[in-house]
Asker: 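Starting off with a structure, shown below.
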Amino acid sequence: MKHSCIHWFRKGLRLHDNPALLAAMKDCSELYPIFILDPWFPKNMQVSVNRWRFLVESLKDLDESLKKLKSRLFVVRGHPAEVFPGLFKAWKVTRLTFEVDTEPYSKQRDAEVVRLAAAHGVQVIQKVSHTLYDTDRVIAENNGKVPLTYRQLQAVLAGLGPPKQPVLAPTLETMKDCCTPGRDNRDPKYEIPTLEELGQDPKEAGPCLYPGGESEALSRLDFHMKRMTWVCNFKKPDTEPNTLSPSTTVLSPYVKFGCLSVRTFWWKLTEIYRGKKHSSPPVSLHGQLLWREFFYTAGAGIPNFNRMEGNPICVQVDWDDNPEYVKAWKEGRTGYPFIDAIMTQLRTEGWIHHLARHAVACFLTRGDLWVSWEEGQKVFEELLLDADWSLNAGNWQWLSASAFFHQFFRVYSPVAFGKKTDKSGAYIKKYLPILRKFPAEYIYEPWKAPRSMQEQAGCIIGRDYPRPIVEHEALSKRNIMRMKAAYAQRSHSKAAQVEKESTKKGGKRKLPAGPSVVELLTKKPKAKSS
DNA sequence: ACATTCGTTGACACA
DNA sequence: ATGTGTCAACGAATG
């Protein structure tokens, strides 16, 4: 039987290593590649103009690549569950293919679409290709528990063997029995949206340092993979947060949208490593992809992963509700130049180094402002080109010492941390030109400069650039105590939880240690001899 | 049961 | 320059 197929692009905006797309082309006479502009996203999350632009560019690139295969991309407007029945009928669809997406909204959306497809007699094929491994499989292999440490994940993956090899991109040969009706009829209703249609003002976009799309992704990968020595020596903690151009690859936005396949990236690295001395996980480039896998698995398996409440691995903290602090942080007006420079780079360019994320995340949460990590998560969701649901939630919990990382007495200094790798403050001067005339001695703490020097620099602190909104030295010490209290509370409630469990079971009450979060998660009573 | 070690990336003083 | 100890002391894994 010859099929009429829809391939539904969501993430995975690429032709290379796209097994669901290949499945659509098999025994297919009519192929309809679509992307759905789902109003759920702009309604439920802020998206900056920079990130919209990245998406639009990625869609354009995809359309161009599909045209070379004598096909095209149809961009459909509406809720997936509402538009699919019409498409199924209009195109006499017999098969729908898409890539597995593990995020909660996506799972729910896809389950609904699968039901609809069944009701219309449409076969559905889903393929895992956004992650290195099938996250469900990883959890199953770990006895149904989400691996909560990196080493644990590594142990599970060791049992599964290396990730699958990427599949080849389709060619004209793959497409020879297959056509896309209406590919030359550019009906505006299926056109790629402009930023204006998306309610965005292109004039507000920053410089386009990281254009979206698979073509750009592959050439960027190629560029960095040619630096073989650099690749082999790569150690993430040794890369610098405040260089004038990125010290890492900035492939993250491309991996997030699936312009670049994580498996293609993985196997390219394997090829480069072969026979050479090279760094290893967690700090190597392979290690970075495993961190992504780590958080994807956690996001797929832990309920309410992007919230504190109802999240079984998240320490419950009495964060302050402080909109003024959030606003000052977001807008780069904290009075700490290192923090404000990073937030400015984030807003204008859409990417900041991982360690820069650490610095500003610690500052917003447990370090200084004592604001919930969920507020920071929202801002990163809006402004980062690589904003990725699982990674964003996981890293915010990490940095706020709410989960995964617990050494809350280790606090980043908004003054000292940046100095280690940029003594002169060149990074600060690039993003906060108002401070450019301060000497290195005062660039991280301009409020300490004598008045005469401020006048000479043409920047009076408190007038032209804000005074620090908090005093880090005193506040960070108080916050450590608050974290300590939150952890003590947590041990207490964990003990209570065990009390409940063992009472229910009627077993012996022996519990000072309490269950691990894994046990709380799976609700398995603690196995013990009575 | 209990102690010990480890955990991708702290700051600071001191050698 | 790099390495070590201190600060005060977390949870998870390991023995």
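If you're wondering where the values come from, they're calculated on a predicted model, not measured in any experiment. Letters go in sequence order (proteins before strands), and every chain restarts at 1.
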Asker: For the side chain of R490(A), counting heavy atoms from C-beta on, which of dA12(C), dT8(B), dC12(B) is nearest?
Answerer: dA12(C)
Asker: What is the distance, rounded to the nearest whole Å, between atom CH2 of W398(A) and atom P of dA12(C)?
Answerer: 13 Å
Asker: Could you check whether the rings of F41(A) and Y105(A) sit parallel, tilted or perpendicular, using 30° and 60° as the cut-offs?
Answerer: perpendicular
Asker: Could you measure between the two C1' atoms, the one in dG15(C) and the one in dA1(B), and give it in whole Å?
Answerer: 12 Å
Asker: Write down the distance between CG (L153(A)) and P (dA13(C)), rounded to a whole number of angstrom.
Answerer: 12 Å
Asker: Hunt down the Watson-Crick or G-U wobble partner of dA1(C), both distances under 3.5 Å, from any strand shown, or write none.
Answerer: none
Asker: In the structure shown, which nucleotide is the Watson-Crick or G-U wobble counterpart of dT9(B), with both distances under 3.5 Å?
Answerer: none
Asker: Starting at CG of D238(A) and ending at P of dG10(B), how long is that distance when rounded to a whole Å?
Answerer: 12 Å
Asker: Take atom C1' in dA9(C) and the same atom in dG7(B), then report the distance between them in whole Å.
Answerer: 14 Å
Asker: Nearest-Å distance, CG (L355(A)) to P (dG10(B))?
Answerer: 9 Å
Asker: Using a 4.0 Å cut-off on heavy atoms, which residues in residues 405-423 of chain A reach DNA chain C? List them by number, or say none.
Answerer: H406(A), Q407(A), F408(A)
Asker: Does one side chain, of Y427(A) or Q345(A), offer a donor that lies under 3.5 Å from an acceptor on the other?
Answerer: yes
Asker: Apply the salt bridge (Lys or Arg N to Asp or Glu O under 4.0 Å) test between E99(A) and each candidate in K127(A), R14(A), R263(A); give the one that qualifies.
Answerer: R14(A)
Asker: Whole angstroms only, please: what is the CD-C1' distance between E293(A) and dT8(B)?
Answerer: 17 Å
Asker: In Watson-Crick or G-U wobble terms, both distances under 3.5 Å, what is the partner of dA9(C)?
Answerer: none
Asker: For K484(A) and dC10(C), give me the distance from atom NZ to atom C1', rounded to whole Å.
Answerer: 10 Å
Asker: Compare all side-chain heavy atoms of F305(A) with those of P104(A) and state whether any distance is below 4.5 angstrom.
Answerer: no
Asker: I need the NE2-P distance between H353(A) and dT8(B), as an integer number of Å.
Answerer: 17 Å
Asker: Taking atom P in both dT6(C) and dT8(B), compute the distance separating them and give it to the nearest angstrom.
Answerer: 24 Å
Asker: With both distances under 3.5 Å as the test, what is the Watson-Crick or G-U wobble partner of dA3(B)?
Answerer: dT14(C)
Asker: Distance between the P atoms of dC2(B) and dA8(C), in whole angstroms?
Answerer: 27 Å
Asker: From the options E381(A), E375(A), E382(A), select the one residue that forms a salt bridge (Lys or Arg N to Asp or Glu O under 4.0 Å) with K330(A).
Answerer: E382(A)
Asker: Rounded to the nearest angstrom, tell me the gap between atom CD in Q316(A) and atom C1' in dG11(C).
Answerer: 16 Å
Asker: Considering the options T248(A), T249(A), V283(A), L269(A), which one meets the side-chain contact (heavy atoms from CB on, under 4.5 Å) requirement together with F234(A)?
Answerer: T248(A)
Asker: Would you call the rings of F404(A) and W398(A) parallel, tilted or perpendicular, taking 30° and 60° as the class edges?
Answerer: parallel
